[in-house]
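The structure appears right after this line, and notes come after that.
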There are 2 protein chains.
Amino acid sequence: MIKTYRDIKADVLDKITGGTWPPGEMLPNEADLAEDYGCARATVNRALRELAEEGLLERKRKSGTRVRAAPQRQARFDIPLTRREVEEAGAQYRYALVMQQVVQAPEWLRARMSLSKTARVLEVIAMHYADGAPFQHEARWINLEALPQAEEQDFSQRGANEWLVETVPFSDVELAFSAAGADAGLSHHLGCEAGAALFRMERSTWFEERAITFVRLSYRPGHRMTARY
Amino acid sequence: MIKTYRDIKADVLDKITGGTWPPGEMLPNEADLAEDYGCARATVNRALRELAEEGLLERKRKSGTRVRAAPQRQARFDIPLTRREVEEAGAQYRYALVMQQVVQAPEWLRARMSLSKTARVLEVIAMHYADGAPFQHEARWINLEALPQAEEQDFSQRGANEWLVETVPFSDVELAFSAAGADAGLSHHLGCEAGAALFRMERSTWFEERAITFVRLSYRPGHRMTARY
DNA sequence: TAGGACAATTTGTCCAAACATATTGAAAAA
DNA sequence: TTTTTCAATATGTTTGGACAAATTGTCCTA
């Protein structure tokens, strides 16, 4: 017997995948469905609302609910904290600072972070290891106008990311994935050949419209990032 | 005056980002919050439930609600349909079939798709162009045991993906992102140098526990995939 | 015929109350 | 002291009812 909103979700999903309600099909309205299922309209509403959020249904007032013609589903995945990523793979994590210095922000960085011409940034280069082998190269720039206290920090023991997560825990993030060939520095640190194809993740972080940090993470060759949906 | 669950969400979010409720902090229980906000508990419940889903709060029966210590936020992004991806960038889309043939599934593919030793698959190689320039190389294998009618299909005009979306609209998907160097075939089709770093997306599709298709999409050099959260 | 006012419909949200369920912590028993 | 039992508590879900908001289609009018 159907009772919970989960049961209803599952049943509707079955009807969709089973072909009872093909793409483009209109569903009965909430009131009718509630009667069919023998439950309150709010229960049906929650089931349908969640299916719509997951991209399977399309809902509009007055016109009703229909199965999406082109099921625009979306992948969700957790943003990996490098330490956890390594440890969850069952490997020993190690961090090492390569370099830390204050510099004038170069032009390309000013563009990405919307910085002024004279902006100073803290540049931090570091490596992350899994079981002693190079795992990820981190190149980071921190906006010293937004976070002046970063200049006093010592990132030789603890990664900049962990400090930032504590200091500016909630922020807006823009992510980009791409691929890039290893240059001389990267190939040296990652222990791979120059030109090797590396998976790369770039992340810009903002807090209250101000750029906090930009980080470019280059993974060792062969790294894969997976998601399900 | 606070009234809607959205207002409550916004207010709670402000209290979190503003430091009133720092990471790890316990929130008052729903009943108390409902009284504070002058609304029903169900309204507070919805606000907090959604914030928890978004990864900002942690909720447990009896113990209550707390701000996540390490805000495990997740990125969501839409799965790109190549045609739309190109057209939304304002470019002219063009598709071209390179090759289509039935083959015995090689060992590595059998492993990925859980196929039997004698499984036959339809191999489809195609190219996607944006404004006449190579945009993406598609290498796809379709399980003919699950979809025998694929063998009769002609993918010279319409991409295999569009046919599959119509034929098996709802399926489970496993995604993987990585980087790979262009081999001879890829560099030829994409018009880039051999060894160039390419962003790659691999997708396995399942329907009712049966492998439908595996596709490997290799983007032209320099491609970026972005998300916000 | 074209445009505007309006009523009907459907989803969206809220409420107050009740019961369900997981979990904790304390009391009771071994 | 350790284990078991049990009640208290906070979130999870459902109900039936109500009103809000968006949108559609119709009818009326110019």
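Chain A is the first sequence line, chain B the second, and so forth, proteins listed ahead of strands; every chain is numbered from 1.
- Judged by distance alone with a 3.5 Å cut-off, a donor-acceptor contact links the side chain of A:Arg41 to the base of C:dT13.
- The side chain of B:Lys62 lies closest to C:dA22 when the candidates are C:dA22, D:dA22, D:dG12.
- Between A:Thr43 and D:dT13 there is no side-chain polar atom (N or O) within less than 4.0 angstrom of OP1 or OP2.
- In this structure, CD of A:Glu58 is placed 15 Å from C1' of D:dT23, rounded to the nearest angstrom.
- The distance from atom CD of A:Glu50 to atom C1' of D:dG12 is 12 Å, rounded to the nearest whole Å.
- Atoms CG (A:Leu33) and C1' (D:dG16) sit 17 Å apart, rounded to a whole Å.
- Here B:Arg6 does not reach the OP1 or OP2 of C:dG12: none of its side-chain N or O atoms lies under 4.0 Å away.
- Within 3.5 Å, a donor on the side chain of A:Arg61 pairs with an acceptor on the base of C:dT11, or the reverse.
- On a pure distance criterion of 3.5 Å, no polar donor-acceptor pair joins the side chain of B:Arg59 and the base of D:dT11.
- Using cut-offs of 30° and 60° on the angle between ring planes, the pair A:Phe177 and B:Phe177 is parallel.
- Taking only side-chain nitrogens and oxygens, B:Lys60 comes nearer than 4.0 Å to OP1 or OP2 of C:dT24.
- The side chain of A:Ser63 contributes no N or O atom lying less than 4.0 Å from OP1 or OP2 of C:dT9.
- Per the geometry, CZ belonging to B:Arg49 stands 11 Å off C1' belonging to D:dT11, to the nearest Å.
- To the nearest angstrom, P of C:dT13 lies 10 Å from CD of A:Glu53.
- A salt bridge links A:Glu30 to A:Arg59: one of the charged nitrogens lies within less than 4.0 Å of a carboxylate oxygen.
- If A:Asn29 and B:Ala40 are placed on DNA chain C by their nearest nucleotide, the residue sitting closer to the 5' end is A:Asn29.
- Using cut-offs of 30° and 60° for the angle between ring planes, the B:Phe214 and B:Trp108 rings count as perpendicular.
- If you take CZ of B:Arg66 and P of C:dT23, they are 15 Å apart, rounded to a whole angstrom.
- When the nearest nucleotides of DNA chain D are assigned to B:Pro28 and B:Ala42 by heavy-atom distance, the more 5′-ward of the two goes with B:Pro28.
- Atom C1' of nucleotide C:dT9 and atom CE of A:Met26 are separated by 11 Å, given to the nearest angstrom.
- The distance between atom CZ of A:Arg46 and atom P of D:dG12, rounded to the nearest whole Å, is 9 Å.
- Between A:Phe135 and A:Tyr219, the ring center distance clears the sub-6.0 Å criterion.
- Salt bridge annotation for B:Glu50-B:Arg46: present, with a cationic side-chain nitrogen under 4.0 angstrom from a carboxylate oxygen.
- The phosphate of C:dG12 has OP1 or OP2 within less than 4.0 Å of a side-chain N or O from A:Asn45.
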